[in-house]
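These notes concern the structure reproduced below.
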Amino acid sequence: MAKSQTSVGSEEPSSSRPWESYHTVYTNAKAGMEGVDKQKVQRVVYEMSKGSKYFENEEKKDAYMKQKIENMRAQYSKLTPQDISHHQKMADKRILELEATRDLSRIWLHVDMDAFYAAVETLCNPSLKGKPVAVGSMSMISTASYEARKFGVRAAMPGFIARKLCPELLFVPVDFQKYTHYSNLTRKVFQNYDLNFLAASLDEAYLDITSVCKERGITSGEVAEELRQSVHLETGLTCSAGVAPNRLLAKVCSDINKPDGQFVLPNDRSAIMTFISSLPIRKIGGIGKVTERILKDVFGITTCEDLLQKSSFICALFSRSSADFFLSVGLGLGGTDTPQYKMRKSISNERTFSATADEALLFQKLVDLSEMLSADMIKEGLFGRTLTLKLKTASFEVRTRAVTLPSYICSSEEILKHASKLLKAEFPVSLRLMGLRMSHFSDDKNGIPADPTQKTLSDFILSGDVSGGKMSDYRPLVSDFCDNTFSVDLNSYPTYSAETSCDLRDSSMENQTSDSTFSCTILGNINEEVNGTVVPQSSEPRAKVHEPTNTDHKMKFEKIDSYTGQLEACPRDNWQNGFSCVDEEAGSISDQKQFFVWVDDYKCSICGIELPPSFTEERQEHSDFHLAERLQGEESGHNLRSFVPQQRAAQKGHTGSSGRLKKKQKSSPTTSKYVPIDAFFVKTNQNF
DNA sequence: GGGTTATACGCAC
DNA sequence: TTCCAGTGCGTATAACCC
């Protein structure tokens, strides 16, 4: 932040120094950057960024921020003396309550490894010693050595900007295996002081050293000194430590004498209040670039002491939880208990790539993400029901789209099934990042059990294993899916022959792999059957393979019209919107429909549920269920599900998202047919 | 009106 | 030459549902 402004209207940039109003995180005080020419850094970052899409997006965000600040200022100025008096009383009361929670009985130590990644790399390659080193890439730097920091180079800075600041900067790629190894060594040391230490990251930890100090009759400073020496002996790396009555302050303290230093704040209220009084709010964990700017520009708050002095305004303009946090900071309060094991709340992965609007490419990335997420979830035994798709457009706009499902899932097929619907609703769009996050985990982990032998989607696609063992010779080239003809339509891919899942025990399949229990049940397009739609078949295979001469399985592919959901003959050069394949020898779809009938076009012949013909989707889903039920029974005798159709129909009417979906229908016709449905069931007549 | 869901955003490392 | 990350948590807000 180049300007220090605390009054309304002081935001206007100097026309001769436009970089001064370009808000970056890079000028925030960080250990090892005390002597840095902030003006120069600010100017270089501005010049390197100016005109880019990233820059344009930052300007948009900045405009939004200015508006937000203006709105808060307006609220601020509208407060009457009576309002202020009222809120002051509330604030005073709250301060007393918070003060009553102060606990000075514990001694917390925060350890922070010095420039950890860079230090490890230097340790492994001594030729880097004394040189400016950046761990990361031209896109992003994870850690900078102290030598590099003198030039203004720091973590979270793009490499190309860092190189401009420091042309002799040496880049080293990240190597998490290495860092994990050294992190484990440090943790062995930490255990000697607190068995229940809290690891904040690979290079940070909080230790409750109250007992150690007491039992050994030594001061907290002596413990910190000894611990740091032990870490150095064990790893060859230096670290810094902060000691204080709570974790929030301990973290602030560990930064004071960085690197290779320590600072002890005694367990004494007046010492704490003195310490906190002049402390810049940005030093507090949880107060970042945006919060700092709001507090400074709206209230004129720059130090922790100011938070108490402006307590009435804070209570007037912030939510209860935010106000509590700010007042706690002003009092120097923080966590003192040893928190119980915290359950993970979400699990995610995301990838940045060259911006593209190619839907086939984007889908392939979604396939990859689904597999990665599923693998991570299976590894941790997690089942989740809220799936969030994160997108970053070519212009750096970030969007998230979420869906909450009626049941818990973890398989890549199901993740992809739902993620693809979310993604398709966004098309056309040019993206540079996609991510998937699962949250809302099952408490008792009673989701559908994970099948460790389950094939991945890539196995599925790349092996062409869509008809069980009969497809063992089918080996599509990766390029089949990477050009514009990639069209394993992710909403239609499970629309293969109903027999496919029954053929999983085919001998050729068994020969192929011992773990071929393919738990993704592949269904026929029942809708087509029920409605008696003629299914024209292309006379030519969709995906030519290395050895296309094997015609034993007579693979047929049909394009599914993206808008009507109808199957139609698919010219080879027009496989844009999806295809399904039917293995004629594996059993025709019409064979499958015989078992299922709507009596009087109204009543299910199997379970008796009544669904009028106009309930097209519900009937589709219902028939899918019975078919899958039958197929699963035929396949293995395993009853993977105990969910009866009636229950599903009932649940469907009460899904929390149904109302929102109704709303979405207005603006997003591509999602209008979306109803969260259960595992193993995919409708094929959707508007994609 | 309170709880839930979807979305956006902030923050830390 | 290269051209702004990935993971996870928390909060705020609005819309919706019961």
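The sequence lines fix the lettering, A, B, ..., with proteins before strands; numbering per chain opens at 1.
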Reckon A/Ser322 touches a base, only the sugar-phosphate, or nothing at all at heavy-atom distances under 4.0 Å?
sugar-phosphate

Establish, yes or no, whether a centroid distance under 6.0 Å links the rings of A/Phe171 and A/Phe160.
no

Between the base of C/dC4 and the side chain of A/Ser49, is there a donor and acceptor pair under 3.5 angstrom?
yes

Taking atom C1' of C/dT7 as reference, at what distance in whole Å does atom CE of A/Met140 sit?
14 Å

Contact class for A/Leu433 (heavy atom, under 4.0 Å): base, sugar-phosphate, or nothing?
sugar-phosphate

How far does the P atom of B/dG10 sit from the matching atom of C/dA5, given to the nearest Å?
16 Å

Looking at A/Ser346, does any N or O in its side chain come under 4.0 Å of the phosphate oxygens OP1/OP2 on C/dC9?
yes

Under the salt bridge (charged side-chain N to carboxylate O under 4.0 Å, His left out) test, residues paired with A/Arg187 that sit two or more places apart
none

Just how far, in rounded Å, is P of B/dC9 from CZ of A/Phe396?
16 Å

Side-chain N or O of A/Arg163 less than 4.0 angstrom from OP1 or OP2 on C/dT1?
no

Under 4.0 angstrom, heavy atoms only, what part of the nucleic acid is A/Met65 near: base, sugar-phosphate, or nothing?
sugar-phosphate

Less than 4.0 angstrom between a side-chain N/O of A/Arg432 and OP1 or OP2 of C/dA5, yes or no?
yes

Base, sugar-phosphate, or nothing: which does A/Ile287 touch, judged by heavy atoms less than 4.0 Å apart?
sugar-phosphate

With a 4.0 Å cutoff (strictly under), does any side-chain N or O of A/Lys392 reach OP1 or OP2 of C/dA5?
yes

Charged tip of A/Arg43 within 45° of A/Tyr46 ring normal and under 6.0 Å:
no

On DNA chain C, nearest-nucleotide positions of A/Ile347 versus A/Lys50: which is more 5'?
A/Lys50

Is there a side-chain contact between A/Ser348 and the phosphate of C/dG6, meaning an N or O under 4.0 Å from OP1 or OP2?
no

Given C/dT2, B/dT5, B/dA6, the nucleotide with the shortest approach to the side chain of A/Met138
C/dT2

Could you tell me the separation between the CG atom of A/Leu436 and the P atom of C/dT7, rounded to a whole number of Å?
11 Å

A/Glu292 CD to B/dC9 P: how many Å, rounded?
20 Å

Between B/dA6, B/dG10, B/dT7, which nucleotide gets closest to the side-chain atoms of A/Arg401?
B/dT7

Taking atom types as they are modelled, is there a donor-acceptor pair under 3.5 Å from the base of C/dG8 to the side chain of A/Arg437?
yes

Would you mind telling me which of C/dG6, B/dA12, C/dG8 lies closest to the side-chain atoms of A/Thr352?
C/dG6

Side chains of A/Asp255 and A/Asp112: closer than 4.5 Å at any heavy-atom pair?
no

Spacing of A/Arg351 atom CZ relative to C/dT7 atom P, expressed in whole Å
5 Å

What is the distance, to the nearest angstrom, from the CD1 atom on A/Ile294 to the C1' atom on B/dC9?
11 Å

Just N and O in the side chain of A/Ser321: are any of them under 4.0 Å from OP1 or OP2 of C/dG10?
no

Evaluate the side-chain proximity of A/Glu397 to A/Lys392: yes if any heavy-atom separation is below 4.5 Å, no if none is.
no

Side chain to side chain contact (heavy atoms under 4.5 Å, CB included) involving A/Ser142 - partner list, sequence neighbours excluded
A/Tyr117, A/Val174

5' precedence on DNA chain C between A/Lys345 and A/Phe160 (nearest-nucleotide basis):
A/Phe160

Going by atom types only, do A/Ser254 and A/His110 share a side-chain donor-acceptor pair under 3.5 Å?
yes

How many Å lie between CZ on A/Arg293 and P on B/dG10, as a whole number?
11 Å

Picking from B/dC11, C/dG6, C/dC4, the nucleotide nearest the side-chain atoms of A/Tyr54 would be C/dC4

Whole-Å gap separating C1' (B/dC9) and NZ (A/Lys289)
12 Å

